[in-house]
Amino acid sequence: MAFPDKRLRRLRRTPALRRLIAETRIGVDDLIAPLFVREGIETPQPIESLPGVIQHTRRSLVDEVKELQSIGIPGVIIFGIPEKKDAVGSQAWNPQGIVQLALQDCREAISDEMVLIADLCIDEYTDHGHCGVLRENGTVDNDSTLEIYGRIAQAQAFAGADIVAPSGMMDGQVRAIRESLDTDGFEEISVLAYSAKYSSGLYGPFREAAEVTIADGGDRKTYQQDWRNGREALAEIRADLEEGADMVMIKPATPYLDILSKAREITDVPIAAYQVSGEYAMIKAAASNGWIDGEAVALEHLTAIKRAGADFILTYLAREVAQIL
Ligand code: PBG
């Protein structure tokens with residue numbers, strides 16, 4: 001076909017034509033809202049670096065979940081902030097721990113009408129802020145952590161989670177969790193693996209929200225992925241599928257669209273993408289300065305994440321985008 005070919009341009013002429021031929025649609029059904037619930041507070045607390053997102057009380061969390069359900073959001077992922085942290089993160093599997101109580105509250109309030117996902121990790125619960133337990137020399141002990149993850153999975157399933165989502169990037173975590181769930185009679189609870197989780201600078205606001213400080217100015221580079229690597233993400237995904245993951249996740253989302261589209265080619269299981277706290281904060285900060293149109297950029301990013309291959313998106317924009325749509 002000789003250029004200029006006018007066909008593409010003809011089809012862009014009106015909004016109705018563009019709507020007709022749109023390849024990608026973002027809808028309320030694609031969105032999962034991340035929510036924080038904090039133990040021991042009387043009123044919800046704002047999070048400075050995540051404008052519009054709050055640390056919930058048990059009561060305000062249930063109200064929020066009901067409201068999200070009423071506007072059509074299919075599910076939430078819950079993060080807990082315990083009053084007491086310790087070296088092993090024991091509040092993460094305490095049946096009276098904040099996430100377990102919150103899961104029970106939500107389950108009672110909404111029965112099966114909303115998908116409840118529990119983030120499964122110990123960094124919010126440890127006094128050193130790492131996602132695994134530490135050896136004496138301060139390094140993360142992968143294999144001892146697996147046993148703890150198994151206990152947390154059982155506690156979360158017992159409390160009413162539909163899905164547990166291990167985010168700690170320990171090797172073998174999906175197998176350990178699957179086995180632990182199965183031994184305890186939770187064969188029907190699924191595992192959404194944070195398979196390709198990069199050691200990203202974009203988690204900063206989350207750490208404020210979840211009150212996580214990594215000891216001695218440390219980082220997670222020994223267990224989270226190096227963002228220079230793409231093939232490695234596919235190896236992580238394959239390993240998690242092999243270990244029994246029901247769904248896989250790529251995180252963060254927008255800077256990793258190449259990974260999403262490659263993941264789409266190698267698996268038919270549902271793929272989630274997590275548009276993380278820093279991605280949200282950048283949009284909000286620029287929009288509040290009047291530098292970008294926040295709503296337009298939000299829709300553009302979320303649509304791009306879907307276009308690249310995500311089936312659903314965990315996003316702090318869930319509520320407002322559902323309202324726009
Ligand atoms: C770890 C966890 C993190 C996020 C989700 N789960 C933080 C981290 O790995 O440091 C970040 C999510 C976000 O930035 O929105 N439990």
Side-chain angles (χ1 to χ4, degrees), residues 26-37 47 49-50 52-54 56 61 64-65 68-69 71-80 99 102-103 106 114-121 123-124 131 156 161-169 190-198 200 202-207 209-210 224-225 233 237 240 245-257 259-260 263-264 269-284 298-299 301-322 325:
I26 181 94
V28 181
D29 291 344
D30 303 319
L31 307 173
I32 295 286
L35 300 175
F36 299 96
V37 58
I47 302 158
S49 54
L50 286 177
V53 181
I54 56 181
H56 283 284
L61 183 87
E64 175 73 7
V65 170
L68 290 169
Q69 195 228 337
I71 59 171
I73 300 280
V76 296
I77 180 164
I78 301 177
F79 296 90
V99 160
L103 285 166
C106 293
M114 189 97 165
V115 178
L116 299 180
I117 308 176
D119 181 80
L120 197 168
C121 193
D123 65 319
E124 298 104 56
C131 301
Q156 292 176 337
D162 294 296
I163 300 173
V164 298
S167 62
M169 289 296 281
S190 27
V191 178
L192 164 60
Y194 285 72
S195 301
K197 176 170 175 181
Y198 283 87
S200 173
L202 291 164
Y203 306 147
F206 173 94
R207 293 187 189 154
Q224 296 182 346
Q225 280 187 248
I237 289 168
D240 283 356
D246 299 286
M247 303 185 273
V248 294
M249 196 195 303
I250 316 293
K251 176 185 174 185
T254 321
Y256 298 93
L257 298 184
I259 309 300
L260 262 170
R264 183 71 291 161
V269 307
I271 298 178
Y274 199 145
Q275 184 191 46
V276 301
S277 57
E279 297 178 79
Y280 172 87
M282 289 195 294
I283 295 174
K284 287 290 166 188
L299 284 174
H301 279 203
L302 293 171
T303 307
I305 293 164
K306 260 207 97 179
R307 191 192 63 229
D311 293 297
F312 62 97
I313 306 170
L314 291 74
T315 172
Y316 302 94
L317 293 162
R319 175 198 266 273
E320 60 183 280
V321 168
L325 298 170

> Would you call the rings of Tyr316 and Tyr274 parallel, tilted or perpendicular, where under 30° means parallel and over 60° means perpendicular?
Replying inline: tilted

> About how many Å separate CD of Gln224 and OG of Ser200, when rounded to the nearest 0.5 Å?
Replying inline: 8.5 Å

> Is the backbone N or O of Ile237 less than 3.5 Å from a side-chain atom of Asp240, with the two atoms forming a donor-acceptor pair by type?
Replying inline: no

> Side-chain contact, heavy-atom cut-off 4.5 Å: Leu35 with Leu68?
Replying inline: yes

> Between Tyr194 and Pro166, what is the shortest heavy-atom contact and its length?
Replying inline: CD1-O, 3.0 Å

> Please walk me through it: do Asp311 and Arg264 pass side-chain contact (heavy atoms from CB on, under 4.5 Å)?
Replying inline: CA-CA 9 Å; Asp311 293 297; Arg264 183 71 291 161; 2.8 Å; yes

>> Using every non-hydrogen atom in the two residues, find where Val28 and Ile73 come nearest and quote the distance to one decimal.
In response: CG1-N, 3.5 Å

> Is there a side-chain contact between Val53 and Pro205 (heavy atoms, below 4.5 Å)?
Replying inline: no

> Nearest heavy-atom pair of Ile313 and Leu302: which atoms, and what distance?
Replying inline: CD1-O, 3.4 Å

> Looking only at heavy atoms, what is the nearest atom pair of Ile26 and Leu325, with distance?
Replying inline: O-CD1, 3.8 Å

>> For Ala33, is there any backbone N or O sitting under 3.5 Å from a side-chain donor or acceptor partner on Thr315?
In response: no

> Is the backbone of Leu192 close enough, under 3.5 Å, to the side chain of Asp246 for a donor and an acceptor to pair up by distance?
Replying inline: no

>> Can you tell me how far apart CD1 (Ile259) and OG (Ser195) are? Round to the nearest 0.5 Å.
In response: 12.5 Å

>> To the nearest 0.5 Å, what is the distance between CD on Gln156 and CG on Leu120?
In response: 4.5 Å

> Which distance, rounded to the nearest 0.5 Å, do you find between the OG of Ser277 and the CD1 of Ile47?
Replying inline: 9.5 Å

> At their closest point, which heavy atom of Glu124 faces which heavy atom of Phe206, and how far apart are they?
Replying inline: OE2-CZ, 3.9 Å

>> Distance check, rounded to the nearest 0.5 Å: Phe36 atom CZ versus His56 atom NE2?
In response: 9.5 Å

> Taking the six-membered ring of Tyr203, is NZ or CZ of Lys197 closer than 6.0 Å to its centre and within 45° of its axis?
Replying inline: yes

> Per the side-chain contact (heavy atoms from CB on, under 4.5 Å) rule, which among Ile77, Val76, Asp162 passes with Ile117?
Replying inline: Ile77

>> So, taking the atom named OG1 in Thr254 and the one named CG in Leu260, what distance separates them when rounded to the nearest 0.5 Å?
In response: 9.0 Å

> Between the main-chain N or O of Ala253 and the side-chain N or O of Glu279, is there a donor-acceptor pair closer than 3.5 Å?
Replying inline: yes

>> Any heavy-atom pair between the side chains of Leu314 and Met249 that's under 4.5 Å?
In response: yes

>> Could you report the tightest heavy-atom contact between Cys121 and Asp123, atom names first, then the distance?
In response: SG-OD1, 3.4 Å

